[in-house]
Amino acid sequence: MSHRWPQSACSEFRKALRFNRRGFLKAGGLGLTGLSLPELLRHEAHAGPAARKENSVIILWMRGGPSQHETWDPKPNAPAEFRGDFGAIRTSVPGIEIVDLMPRCAQIMEKWSIIRSLHHTNAGHSAGDQILFTGHPPGTDPTINVHPSCGSIVSEQLGYLTPELPPYVMIPRQVPGTDSAYLGVAHKPFETLADPANDGPFTLQNFSLVEGINDNRFARRKDLLKGFDQFRTDLDRSGQLTAISQFQQQAFGILSSDKARKAFDLDAERESTRERYGFIPRYDPMDPTRCSASAFSQRMLLGRRLVEAGVRLVTVDCRWWDTHVKGFDSMRNGFLPRWDQAYSALIEDLDQRSLLETTLVVAWGEFGRTPRVNKNAGRDHYPNVFSAAIAGGPLKGGRVVGSSDSKGAFPKDNPKTPQDVLATIYQHLGIDTEKHYLDHSGRPIITLPFGEPLHELA
């Protein structure tokens with residue numbers, strides 16, 4: 001599948017979406033030298049067994065900013081310029097309505113809940129990314145993490161659940177806000193790079209490379225790398241370099257692990273399950289001023305497979321909900337049909353596998369959309385109020401937290417912040433939100449500056 005970035009009016013979004021294949025392979029790949037993954041695994045030495053829990057989190061990242069009106073907070077009684085083109089549908093829970101283009105989600109409303117009063121103050125895509133993934137304000141360049149993402153915090157505090165799988169995974173690759181900042185490369189996410197949204201078999205490049213190396217060649221490479229580690233140690237007269245042989249061995253253990261291979265083997269999934277999530281192809285409006293919708297359905301299924309295998313936190317990129325132009329058309333023909341099918345499939349799948357009680361699923365984007373429809377039949381960036389869907393873990397389904405006003409412009413009651421959602425994620429996983437880390441300048445920085453778990457859903 002080719003990647004053609006939209007040329008929409010949102011230049012900051014276009015800039016953030018550009019990527020260089022070689023750069024990503026260098027930053028996230030598990031190359032056969034194993035020098036990236038061992039750094040990712042180095043944190044294990046800092047996580048004792050008592051800190052490890054079996055709870056996990058899936059973040060469905062709706063990058064671009066989904067409209068609250070066209071998802072979980074419709075305003076059917078508002079004037080047309082606020083209401084938009086869609087209506088509301090009753091759900092399985094009396095009194096709760098969602099947009100009428102998500103009937104499957106409506107049928108299982110008792111399994112998930114809605115937060116309708118989220119808000120912050122920054123209307124920039126990457127700045128919003130930083131706020132929602134870290135709980136801290138963005139830096140001068142919002143595409144670069146000044147503070148570590150929630151996944152990196154999980155990696156540092158809890159370490160791996162199983163030594164055969166990394167604790168923090170991005171499907172398919174990092175977005176702004178998901179990096180490790182001053183926690184270092186050991187706590188970056190593992191990027192699949194291979195994308196389940198693409199046509200054809202899903203195969204991680206590094207597993208394929210290992211399969212082509214016989215046992216003798218593989219052993220020789222391990223010996224060569226151990227010699228290289230010794231060479232580095234001999235050169236390290238200042239004591240600043242650390243031998244990585246232990247982590248090197250674990251890197252090769254993952255590459256050659258049947259458990260890791262099976263976890264990422266999406267094609268081993270039953271065809272009926274894959275069809276339930278959907279094979280809806282990428283939506284391309286064939287208009288350079290509009291954003292397309294990726295075929296994120298199978299990405300969600302891979303996320304389920306990974307938490308089931310022992311990954312603590314998985315972030316699934318479900319972009320690009322940046323509906324400035326002809327937004328209703330994009331939602332009707334692109335985003336909502338695939339979301340309705342895939343999200344309902346994920347929640348039901350987790351529930352049927354008895355994973356929903358241990359897996360917290362958070363679906364949100366960096367902000368919402370303007371309450372008034374713009375001149376291009378779309379909505380623009382709007383952080384003053386937005387919604388999120390949340391399910392699983394210790395939280396009850398079939399509830400609504402907070403509300404927005406009659407036009408979907410501001411929180412009406414019980415306002416919530418992104419930090420409250422992060423606090424809920426951290427509580428579920430057993431993260432110490434009061435722990436301090438030293439940033440690059442040596443200043444102590446608290447894990448989460450403020451925020452309270454969502455007690456309304458307990």
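Nothing fancy with the numbering, it's 1 onward along the sequence. We use all heavy atoms of the structure for the numbers below, so side chains are in, but hydrogens, waters and symmetry mates are not. All values reported here derive from a predicted model rather than from experimental measurement.
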Verify, without hydrogens or angle tests, whether Asn122 (side chain) and Gly128 (backbone) share a donor-acceptor contact under 3.5 angstrom.
-> no
So, are [X] and [Y] salt-bridged, with charged N and O less than 4.0 Å apart?
X: Asp195; Y: Arg299; value: yes
X: Arg353; Y: Asp349; value: yes
X: Arg369; Y: Glu70; value: no

The side-chain contact (heavy atoms from CB on, under 4.5 Å) partners of Ala263 (sequence neighbours excluded) come to Leu165, Leu306, Ala309
Taking salt bridge (charged side-chain N to carboxylate O under 4.0 Å, His left out) as the definition, give me every residue that meets it alongside [X], ordered by chain and number, with sequence neighbours left out.
X: Asp351; value: Lys111
X: Arg305; value: Glu269
X: Asp267; value: Arg274
X: Lys435; value: Glu156

Selection [range] - residue pairs positive for salt bridge (Lys or Arg N to Asp or Glu O under 4.0 Å), sequence neighbours left out:
range: residues 126-139; value: Arg63-Asp129
range: residues 443-454; value: Asp439-Arg443
range: residues 415-433; value: Lys416-Glu456

Residues which pass ring-ring contact (aromatic ring centres under 6.0 Å, His included) with [X], listed by chain and number, not counting sequence neighbours:
X: Phe202; answer: none
X: Phe386; answer: His120
X: Phe133; answer: Trp61
X: His136; answer: His147

